[in-house]
Amino acid sequence: MADALRIGIAGLGTVGASVIRMLEAKAEELTRQCGREIVVAGVSARDRNRDRGVDVSKARWFDDPVELARSQDIEVFVELIGGEDGPARASVKAALEAGKHVVTANKALLSRHGVSLAAAAEKKGVLLNYEAAVAGGIPIIKTMREALAGNQVSRVFGIMNGTCNYILTRMEAEGISFEDCLKDAQRLGYAEADPTFDIEGHDTAHKLSILTSLAFGCKISADDIYMEGISNITQADIRAASDLGFRIKLLGVAVKTDSGIEQRVHPTMVPTSSVIAQVHGVTNAVAVETDYLGELLLTGPGAGGDATASAVTGDIADIAKSRPGFQHGPVFGWPAKELAPYKRARMRSHAGGYFIRLTVHDRTGVFAAIAKRMADSEISLESIVQHGDATAEQHKTVILVTHETTEAAVRKAVDGITKDGHLVDKAQVIRIERAA
């Protein structure tokens, strides 16, 4: 049997502790599968004395994760610190420069510095594995990087944030407000004290930017993602979607178009008959559309200690199975130096169906004015629903569902209706996404 694989783990929070626990619990199976033992030889964290529920006394303690990353005691550096810069970036960079394999769950780091880190890994001939960085325990990175070789990807999309999916699921099932759902999510530990990163789409955007690079062979460009969160979704939207045969999900979508690559994160209406509409609670789901395979949908736990630890352990096991002299594949499917410059598609040229909810003054001519604005923008309507507002006798709600049209046309029509002075409050516009 080959010598043991000695690893160093930086970051001993929920995920780090879960990784150590899993390596201990599955030691015999992993040794048999990998052909060598996996040993935690070094650890690093901010507080040496904190009780984490796991025994790290046999591992050498490093106060500085960069020192651990460079240590001759380890072959693999596992970064679970978090953050796009600071100790996380410094230690990963140090590990790669020292010729160590790296495993990370850090989506923010990869979203910002993934290409340069990939180049460093490929130059040194070492692995940079990051399955846990996107969709938790779902093996989407391995699937796209390895299993779909030979397939041309046209679209990748999915539910990549459990907090948002939990909130939208409860809003629909229990008829409660966004604010009340968020408070419960925070109480249960599904949402942070400051939930902005999740509910405004930033977390999904980081993950999407990584999948975009894998899908289309381009450099990561997290700053070129159109982004909307779910904080403006109301019960009126949830009920209207249900009445029309849709369900609202926060999706990250990347599509290759004639004008470039379109990356967007926003609330989306998907048909209730679609598979992705059945993904509830904190579960994640990622769909990949290809030329040969068609559409592939992977679902599973997208966060949490055990789910993320499973992905991290799988990445470590892959390294344990590799042997000296083995030529490792490129980090993002294409060699880092061959990744194409990112070309952003014109977002306002995006074509599809739209849901538009308008709360308007109940007076003569309003409906005709709305119809004229739609006609002027050459928007064909699939359905129009008008009903009174129970909370205000002088207001009406108008729900429009369009046939396929462009973002620019919809925005032009809504801007015109707003300028006409008919709206009581801001119009709600939600895209309708084709989904399996």
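The line from CD of Glu131 to OG1 of Thr313 is 12.0 Å long, rounded to the nearest 0.5 Å. From Thr272, atom OG1 reaches atom CZ of Phe246 across 8.5 Å, with rounding to the nearest 0.5 Å. Rounding to the nearest 0.5 angstrom, the gap separating the OG atom in Ser209 from the NZ atom in Lys219 is 15.0 Å. Summarising the geometry, atom CG belonging to Leu244 is positioned 6.5 Å from atom CE belonging to Met269; distances are rounded to the nearest 0.5 Å. Atoms SG and CD1, on Cys181 and Ile233 in that order, are 12.5 Å from each other to the nearest 0.5 Å. In this structure, CG on Leu251 lies 6.0 Å from CD1 on Ile159, to the nearest 0.5 angstrom.
Asp203 is linked by a salt bridge (Lys or Arg N to Asp or Glu O under 4.0 Å) to Lys107, Lys207, counting only residues two or more places apart in sequence or in another chain.
Between Met227 and Glu200 there is no side-chain heavy-atom pair separated by less than 4.5 Å. A heavy-atom distance below 4.5 Å is found between the side chains of Pro195 and Leu182. By the 4.5 Å heavy-atom criterion applied to side chains, Ile167 and Tyr190 are not counted as neighbours. Val288 has its side chain out of reach of Leu211: every pair of non-hydrogen atoms, C-beta onward, lies at least 4.5 Å apart.
Of the possible donor and acceptor atoms, none in the side chain of Glu172 sits under 3.5 Å from a partner among the backbone N and O of Gly175. Judged purely by atom type and a 3.5 angstrom limit, Arg36 uses its side chain to pair as donor or acceptor with the backbone of Asp3. With hydrogens and angles disregarded, no donor-acceptor distance shorter than 3.5 Å links the side chain of Gln428 to the backbone of Thr234. Under a 3.5 Å cut-off, the side chain of Glu122 and the backbone N or O of Ala336 do form a donor-acceptor pair. Between the side chain of Gln152 and the backbone N or O of Ser154, no donor-acceptor pair lies under 3.5 Å. Formation of a donor-acceptor pair under 3.5 Å by the Glu262 side chain with backbone atoms of Ala254 is not found in this model. Side-chain atoms of Glu289 never come within 3.5 Å of backbone atoms of Val255 as a donor-acceptor pair (strictly under, hydrogens ignored). No donor-acceptor pair closer than 3.5 Å links the side chain of Asn165 to the backbone N or O of Lys249. Side-chain N or O atoms of Ser213 include none that pairs as donor or acceptor with a backbone N or O of Gly217 at under 3.5 Å. Of the possible donor and acceptor atoms, one in the side chain of Arg145 sits under 3.5 Å from a partner among the backbone N and O of Val331.
More than 12 heavy atoms of other shown residues, nucleotides or ligands fall within 6.0 angstrom of atom CD in Gln33. For Asn151, the CG atom sits in a packed shell: over 12 heavy atoms of surrounding residues, nucleotides or ligands are nearer than 6.0 Å. In Asp425, the CG atom is crowded: over 12 heavy atoms of neighbouring residues, nucleotides or ligands sit closer than 6.0 Å. Counting non-hydrogen atoms of neighbouring residues, nucleotides and ligands closer than 6.0 angstrom, the CD atom of Glu29 exceeds 12 such neighbours. Atom CD of Glu378 has 12 or fewer neighbouring heavy atoms from other residues, nucleotides or ligands inside a 6.0 Å radius. In this structure, Lys183 places its NZ atom where only 12 or fewer heavy-atom neighbours from other residues, nucleotides or ligands lie under 6.0 Å away.
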Using side-chain hydrogen bond (donor to acceptor under 3.5 Å, both in side chains), reason through His266 and Thr268 one step at a time and then give a plain yes or no.
CA-CA 6 Å; His266 51 72; Thr268 309; 3.1 Å; yes
Could you please spell out the steps behind the side chain to side chain contact (heavy atoms under 4.5 Å, CB included) verdict for Trp61 and Arg48?
CA-CA 8 Å; Trp61 184 275; Arg48 184 191 290 253; 3.0 Å; yes
With side chain to side chain contact (heavy atoms under 4.5 Å, CB included) as the criterion, how do Leu80 and Ile9 come out once you've worked through the C-alpha distance, each side chain's angles and the decisive distance to 0.1 Å?
CA-CA 7 Å; Leu80 302 173; Ile9 300 177; 4.0 Å; yes
Hey, mind stepping through Arg357 and Thr397 against side chain to side chain contact (heavy atoms under 4.5 Å, CB included) and telling me if it holds?
CA-CA 7 Å; Arg357 177 173 58 81; Thr397 300; 3.9 Å; yes
Set out, in order, the CA-CA distance, both residues' side-chain angles and the distance that settles side chain to side chain contact (heavy atoms under 4.5 Å, CB included) for Leu12 and Ile20, then state yes or no.
CA-CA 9 Å; Leu12 297 176; Ile20 292 174; 3.7 Å; yes
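Using a cutoff of 4.0 Å between basic side-chain nitrogens and carboxylate oxygens, Arg187 and Asp184 are scored as salt-bridged. Ionic pairing of Glu433 and Arg264 is present here: one or more N-O contacts between side-chain nitrogen and carboxylate oxygen are shorter than 4.0 angstrom. Of the charged side-chain nitrogens involved, at least one lies within less than 4.0 Å of a carboxylate oxygen, so that Arg431 and Glu407 count as a salt-bridged pair.
Listed by first and then second residue, the salt bridge (charged side-chain N to carboxylate O under 4.0 Å, His left out) pairs that reach into residues 83-98 are Glu84-Arg112, Asp85-Arg89, sequence neighbours excluded.
Here the closest non-hydrogen pair linking Trp334 and Leu214 is CZ3-O, 3.2 Å. The two residues Gln186 and Ala193 have their closest heavy-atom pair at NE2-O, 3.2 Å. Minimum heavy-atom separation, Thr290 to Leu293: OG1-N, 3.0 Å. Between Arg52 and Ala17 the shortest heavy-atom distance is O-CB, 3.9 Å.
Remark: of the listed residues Asp64, Val66, Leu96, Val66 is the sole one forming a side-chain contact (heavy atoms from CB on, under 4.5 Å) with Ser91.
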Quiz: residues 69-77 side-chain donor-acceptor pairs under 3.5 angstrom, not counting sequence neighbours:
residue: Ser71; atom: OG; partner: Asp73; partner atom: N; Å: 3.0
residue: Asp73; atom: OD2; partner: Arg60; partner atom: NH1; Å: 3.1

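Tyr130 and Phe332 have tilted rings, their planes meeting at an angle from 30° to 60° on a 0 to 90° scale.
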